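Here is the structure we will look at.
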Amino acid sequence: QVQLVESGGGLVQPGGSLRLSCAASRSVFSIYGMAWFRRAPGKQRELVAFVSSGGSTNYVDSVKGRFTISRDNAKNTMYLQMNSLKPEDTAVYYCNADGHYSGTYYSAGRYWGQGTQVTVSS
């Protein structure tokens, strides 16, 4: 079983930056497609960014140019660098492992972290 632990969330002012980390418990991390999802209160869960086992990436339009997803397979860790943060980025961010695309539709993987709160407010 793969366990995922997020860290790095917190309170930040608009325009600020934050880096989230997701540490996985298994060395097979390198074969998984990895993703960050987020959920704001009362809203649908949203795919924020994806990174494949080979390092290719995709982002939701609202974060393009501001967020960068990356992975370090040797450390079994995925990151989300968030710059130029906006209040609408406020959400609980979740790490997800073993998802995949079917065409343009992304199916979330079976493994989830507990989530980390990101609050963007002045």
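All values derive from a computational prediction rather than experimental measurement. Along the sequence shown, residues carry numbers from 1.
- Salt-bridge formation is not detected for the pair Lys86/Asp89: no Lys NZ or Arg NE/NH1/NH2 atom is positioned less than 4.0 Å from an Asp or Glu carboxylate oxygen.
- Open room surrounds CD on Gln114; 12 or fewer heavy atoms of other groups in view lie less than 6.0 Å from it.
- Within the model, atoms OH of Tyr106 and CG of Asn58 stand 10.0 Å from one another, a figure rounded to the nearest 0.5 Å.
- Of all heavy-atom pairs between Pro14 and Ser122, the closest is CD-N, 3.6 Å.
- The heavy-atom pair separating Phe29 from Ala24 by the smallest distance is CD1-CB, 3.5 Å.
- Taking CZ from Arg110 and CG from Asn96, the interatomic distance works out to 11.0 Å, rounded to the nearest 0.5 Å.
- Considering only heavy atoms from C-beta on, Phe67 comes within 4.5 Å of Leu85 through its side chain.
- Leu20 is listed as a side-chain neighbour of Thr116, based on a closest heavy-atom distance under 4.5 Å.
- A distance of 5.5 Å separates CG in Leu4 from CE in Met34, rounded to the nearest 0.5 Å.
- In the hydrophobic clustering of this structure, Tyr79 does not group with Tyr94; members are Ile, Leu, Val, Met, Phe, Trp, Tyr whose side-chain heavy atoms approach within less than 4.5 Å, directly or through other members.
- Contact check for Tyr59 versus Arg66: no side-chain heavy atoms found under the 4.5 Å cut-off.
- Closest heavy-atom contact between Ser21 and Thr77: CB-CG2, 4.4 Å.
- Counting only heavy atoms from C-beta outward, the side chains of Met78 and Ile69 approach each other to under 4.5 Å.
- Proximity of Glu6 to Tyr93: side-chain heavy atoms (C-beta onward) are nowhere separated by under 4.5 Å.
- Side-chain contact check for Arg38 versus Thr90: every heavy-atom pair is 4.5 Å or farther apart.
- Looking only at side-chain heavy atoms (C-beta outward), Val60 and Glu46 come within less than 4.5 Å of each other.
- Looking at Val120 and Met82, their side chains never come closer than 4.5 Å, going by heavy atoms from C-beta outward.
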